[in-house]
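Structure first, then comments.
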Amino acid sequence: MFTITKQFAFSASHQLAGLDADHPCSRLHGHNYIVEVELKGDRLDERGFVRDYRELGPLKRLIDDEFDHRHLNDVLAHDHPTAENLALYFYEWAHDRWPEVSAVRVSETPKTWAEYRP
């Protein structure tokens, strides 16, 4: 099995509902997010790729146009824009376009990651 991964980055704000008032994430704040998209294939195409990284350009455009320097509560239209929900959102979006997508990881800080892998 071959596995490839590509990273994307964006900055955005969010505020998480349903937390105690003294929880730092209940306040409006922002992160420099890293999104990692993993693709798997048991064979390579005629060019030697699982998928050409350049074909993932639409995901970069989505992130740049719809997520970068935005308020994620507005983008996702709910009050739970957690890293976990972002991983699911990006997985579903990417998997609809590229069936080789096997997982998406989202980082809010250098030490924290959430992953969606069906």
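When a residue number appears, it is its place in the shown sequence, counting from 1.
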Identify the two heavy atoms, one from [X] and one from [Y], that lie closest to each other, and give their separation to 0.1 Å.
{"X": "Cys25", "Y": "Leu19", "answer": "CB-CD1, 3.7 Å"}
{"X": "Asp20", "Y": "Ser26", "answer": "O-OG, 3.4 Å"}
{"X": "Ala9", "Y": "Ile63", "answer": "O-CG2, 3.9 Å"}
{"X": "Glu108", "Y": "Thr82", "answer": "OE2-C, 4.4 Å"}
{"X": "Val35", "Y": "Phe90", "answer": "CG2-CE1, 3.9 Å"}
{"X": "Lys40", "Y": "Val50", "answer": "C-CG1, 3.9 Å"}

* Asked: So Glu36 and Trp113, side-chain contact (heavy atoms from CB on, under 4.5 Å) or not? Walk me through it.
  -> CA-CA 10 Å; Glu36 260 185 20; Trp113 289 88; 3.9 Å; yes
* Asked: Taking the six-membered ring where the residue is Trp, are the ring centres of Tyr89 and Phe67 under 6.0 Å apart?
  ->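 Between Tyr89 and Phe67, the centre distance is under 6.0 Å.
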* To do: Starting from the C-alpha separation in whole Å, work towards a yes-or-no answer on side-chain contact (heavy atoms from CB on, under 4.5 Å) for Tyr91 and Val37.
  => CA-CA 8 Å; Tyr91 173 86; Val37 178; over 6 Å; no
Sub-4.5 Å side-chain heavy-atom contact between [X] and [Y]:
{"X": "Leu39", "Y": "Tyr53", "value": "no"}
{"X": "Trp98", "Y": "Leu56", "value": "yes"}
{"X": "Asn73", "Y": "Val75", "value": "no"}
{"X": "Phe49", "Y": "Leu44", "value": "no"}

* Knowing that exactly one of Arg47, Lys6, Lys60, Arg97 qualifies, which makes a salt bridge (charged side-chain N to carboxylate O under 4.0 Å, His left out) with Glu55? ->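 Single salt bridge (charged side-chain N to carboxylate O under 4.0 Å, His left out) partner of Glu55 among Arg47, Lys6, Lys60, Arg97: Arg47.
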Would you say [X] and [Y] are hydrophobically clustered, going by side-chain heavy atoms of ILVMFWY under 4.5 Å?
{"X": "Trp93", "Y": "Ile34", "value": "no"}
{"X": "Val101", "Y": "Ile4", "value": "yes"}
{"X": "Phe2", "Y": "Val104", "value": "yes"}

Residue pair [X] / [Y], side-chain donor-acceptor N/O under 3.5 Å:
{"X": "His71", "Y": "Ser13", "result": "yes"}
{"X": "Glu38", "Y": "Thr5", "result": "no"}
{"X": "His14", "Y": "His29", "result": "yes"}

* To do: Check the pair Phe8 / Leu62 against side-chain contact (heavy atoms from CB on, under 4.5 Å), numbers first and verdict last.
  => CA-CA 11 Å; Phe8 304 87; Leu62 172 75; over 6 Å; no
* Asked: Does CZ belonging to Arg117 count more than 12 external heavy atoms closer than 6.0 Å?
  ->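 More than 12 within 6.0 Å, yes.
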* **Atom pair CG/NE2 of Leu72 and His80 - distance to nearest 0.5 Å** =>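 So the CG of Leu72 and the NE2 of His80 are separated by 14.0 Å.
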* Indicate yes or no for a side-chain donor-acceptor contact from Asp68 to the backbone of Ser11 under 3.5 Å, with no hydrogens or angles considered. =>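 Judged by distance alone, yes, a pair lies under 3.5 Å.
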* Determine yes or no for a side-chain-to-main-chain donor-acceptor pair under 3.5 angstrom, with Thr112 supplying the side chain and Ser107 the backbone. =>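 Side chain of Thr112 to backbone of Ser107: no pair is present.
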* Indicate yes or no: does Asp74 engage Arg70 in a salt bridge with an N to O separation below 4.0 Å. =>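 Answer for the salt bridge query: no.
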* I would like to know whether Glu84 and Tyr116 meet side-chain contact (heavy atoms from CB on, under 4.5 Å); could you show each step before the answer? => CA-CA 7 Å; Glu84 293 89 339; Tyr116 181 78; over 6 Å; no
